[in-house]
Number of protein chains: 2
Amino acid sequence: MKIDPDSTADFSAQIAKAIRDAIVSGDLLVDQRLPSEAELADQFDVSRPTVREALKRLAAQSLIRTQRGATGGAFVNRLRFEEAYDQQVTTSTLLLSMNSVSFDVACEARYALERACAPLAAQRRTPDQLATMRAEIHRQSQPGLTDEAFCASDVTLHRALVDGAGNKVLSYQLAGAVEAMQPLMNMITFTARSREVIVALHTDLADALEAGDAARTDETLLKLESYTRELAHSVVTARAAKAKHQQEAKKAKPKERKTV
Amino acid sequence: MKIDPDSTADFSAQIAKAIRDAIVSGDLLVDQRLPSEAELADQFDVSRPTVREALKRLAAQSLIRTQRGATGGAFVNRLRFEEAYDQQVTTSTLLLSMNSVSFDVACEARYALERACAPLAAQRRTPDQLATMRAEIHRQSQPGLTDEAFCASDVTLHRALVDGAGNKVLSYQLAGAVEAMQPLMNMITFTARSREVIVALHTDLADALEAGDAARTDETLLKLESYTRELAHSVVTARAAKAKHQQEAKKAKPKERKTV
DNA sequence: AGACATTAATATGTATGACAAATGAAAATT
DNA sequence: AATTTTCATTTGTCATACATATTAATGTCT
């Protein structure tokens with residue numbers, strides 16, 4: 001194992017890549033122990049801090065875990081779905097917030113993916129998952145609920161729907177899409193009227209799933225999607241109108257400064 | 001900013017988490033410069049190597065980028081879809097290979113997701129994307145193609161289908177699902193007959209997309225899924241039969257050792 | 001004055017050496 | 001035989017130094 005001193009990349013990045021490739025290619029197996037930091041430093045002909053930086057990079061991706069002590073060291077980590085979830089969610093959340101993804105695009109993606117689960121969920125959803133959905137629907141109908149709590153409950157309900165498909169890979173792939181939407185959803189102010197509509201649709205959704213009716217599930221999701229987009233749109237136009245109003249007021253009395 | 005010396009987690013992990021939270025919460029904005037390593041070391045009351053390990057963790061997740069020189073430092077990185085793709089693909093690939101996910105489960109997830117794109121793609125696919133699909137279909141009909149090249153072409157074709165939905169979020173979410181399947185697909189040996197069938201189905205798929213026929217696109221994808229699963233199943237049973245045969249042969253002549 | 005070379009300052013990248021702390025295995029003791 | 005002690009190994013952390021890249025300021029020459 002050697003690295004290229006002329007490469008533009010850092011040594012630690014090159015070393016991390018070399019080890020990562022070895023893991024992905026199956027050269028290093030799960031739970032297998034890597035050489036100690038000192039040995040790696042020898043092999044790659046770099047210092048120990050440099051090796052450590054490389055190992056921390058891999059640890060950040062959950063590719064290895066480290067253990068102190070006599071029989072310790074760095075071990076190839078069995079990547080679990082739960083760990084992968086978390087990374088997916090943060091990555092997806094940042095992707096949406098940093099790339100000015102419109103609400104419509106994100107919403108379309110989310111419901112397209114959920115609808116992909118619908119037929120499977122109608123067929124396989126467990127009583128437990130159905131109960132989770134009913135419980136969340138009940139919570140959503142409570143009057144005192146904050147908008148954030150309402151959105152969080154919405155995410156839980158939709159996660160139950162996705163998990164209802166009984167396919168771990170599907171659940172994993174959709175976790176990001178569903179949860180990453182939450183910050184965008186949180187920007188919506190839910191009126192009593194809109195909550196009522198959403199709860200009704202959620203109830204339809206649970207009913208359709210309980211009946212094992214894939215077509216009705218799909219229809220309900222379509223309705224939910226269009227209603228959600230309507231809601232978001234009305235929020236956006238309301239904000240724009242408000243901003244315009246404030247701007248005109250400012251023009252009329254230019255002497256007044258911000259009192260925020 | 002302070003860290004907990006009594007925590008079980010490494011200092012570098014704690015510092016990475018603190019900075020990551022600041023980025024995710026919007027406390028640190030895109031392209032904003034972090035304090036220098038020396039300043040961070042002061043603020044967190046740790047040494048510079050420890051700060052560097054934390055920064056390398058964040059760099060591994062593409063959350064920051066670093067630049068050398070007088071005006072250099074660590075900057076909050078705008079997470080691009082392309083970078084996120086790569087991480088998604090490696091993560092998904094490892095998830096599948098390390099958790100003994102069955103071909104059926106992965107295949108089901110993949111086609112469920114692709115079918116979610118189908119109606120959108122039928123409506124929006126660009127001529128360019130259609131041309132890509134046609135070109136790959138043509139390549140797949142070449143006789144000299146290796147199995148690996150055939151699978152790679154398959155991935156390219158399906159990526160074009162997914163991208164045809166014209167939704168970046170959707171494309172990103174599905175990149176992992178589609179590409180992560182390739183190693184599993186590579187295990188299939190394609191006979192001339194099976195390639196013929198697949199190419200025919202791919203042609204149907206392109207035709208349906210060209211006609212903007214969502215229903216036919218969906219049907220074709222369903223056929224492709226069931227055929228793919230049939231193929232995989234036949235491979236598995238063939239292997240099992242072969243293994244059984246070899247085992248019996250071994251039993252008959254126990255003196256023979258492995259000659260591999 | 002303007003163009004170019006020099007220097008200095010700042011930051012990351014890397015190396016060296018040291019010590020602390022955790023951990024398990026071997027050795028010593030009861 | 002069971003328990004305690006010792007010890008070797010390995011990661012975690014620190015301090016310091018130097019190399020290198022990059023920019024800004026400075027100086028020099030035409």
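Chain naming here is simple, since letters A, B, ... match the order of the sequence lines and numbering starts at 1 in each.
Between V46(A) and A70(B), the residue anchored closer to the 5' end of DNA chain C is A70(B), taking for each the nucleotide with the nearest heavy atom.
What separates CZ of F11(A) from P of dT14(C) is a distance of 5 Å, to the nearest Å. Spacing between atom CZ of F75(B) and atom P of dT12(C) amounts to 9 Å, rounded to whole angstrom units. In this structure, D42(B) atom CG and dA11(C) atom P are separated by 12 Å, rounded to whole Å. Straight-line distance from the CD atom of E37(B) to the P atom of dC14(D): 14 Å, rounded to whole Å. Here the C1' atom of nucleotide dT12(C) and the CG atom of L34(B) are 14 Å apart, to the nearest Å. In this entry the distance linking CG of L40(B) with P of dC14(D) reads 14 Å, nearest Å. Here the P atom of nucleotide dG24(C) and the CZ atom of R33(A) are 13 Å apart, to the nearest Å. The interatomic distance linking I15(B) (CD1) with dG12(D) (P) rounds to 14 Å, in whole Å.
Nearest nucleotide to the side chain of D10(B), out of dT12(C), dT13(D), dT16(C): dT13(D).
For the salt bridge (Lys or Arg N to Asp or Glu O under 4.0 Å) test, no residue two or more places apart in sequence or in another chain qualifies with D128(B). D104(A) meets the salt bridge (Lys or Arg N to Asp or Glu O under 4.0 Å) test with R229(A); sequence neighbours excluded. For R20(A), there are no salt bridge (Lys or Arg N to Asp or Glu O under 4.0 Å) partners, not counting sequence neighbours. Residues satisfying the side-chain hydrogen bond (donor to acceptor under 3.5 Å, both in side chains) criterion with R48(B), sequence neighbours excluded, are E37(B).
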Protein-nucleotides 18-20 of chain C N/O pairs closer than 3.5 Å?
{"from": "dA18(C)", "atom 1": "N6", "to": "R48(A)", "atom 2": "NH2", "distance (Å)": "3.4"}

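Salt-bridge annotation for R139(A) and E136(A): present, with a side-chain N of the basic residue lying under 4.0 Å from a carboxylate O of the acidic one.
Among residue pairs with one or both ends in residues 145-160 of chain A, those qualifying as salt bridge (charged side-chain N to carboxylate O under 4.0 Å, His left out) are R110(A)-D154(A), D147(A)-R195(A), R159(A)-E179(A); sequence neighbours excluded. Each side-chain hydrogen bond (donor to acceptor under 3.5 Å, both in side chains) pair with one or both residues in residues 70-80 of chain A, not counting sequence neighbours, appears once here: R65(A)-N77(A).
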Identify all side-chain donor-acceptor contacts of residues 160-167 of chain B below 3.5 Å with residues at least two apart in sequence or on another chain.
{"from": "D163(B)", "atom 1": "OD1", "to": "S171(B)", "atom 2": "OG", "distance (Å)": "2.9"}
{"from": "N167(B)", "atom 1": "OD1", "to": "V169(B)", "atom 2": "N", "distance (Å)": "3.0"}
{"from": "N167(B)", "atom 1": "OD1", "to": "L170(B)", "atom 2": "N", "distance (Å)": "3.1"}
{"from": "N167(B)", "atom 1": "ND2", "to": "V105(A)", "atom 2": "O", "distance (Å)": "2.9"}
{"from": "N167(B)", "atom 1": "ND2", "to": "E108(A)", "atom 2": "OE2", "distance (Å)": "3.0"}

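Side-chain contact check for T50(A) and S47(A): at least one donor-acceptor pair (N or O, by modelled atom type) lies under 3.5 Å.
For T71(B) and dT10(C), the shortest distance from a side-chain N or O to OP1 or OP2 is not below 4.0 Å.
If you check residues 49-65 of chain A against DNA chain D, the residues with a heavy atom closer than 4.0 Å are R52(A), K56(A), listed by number.
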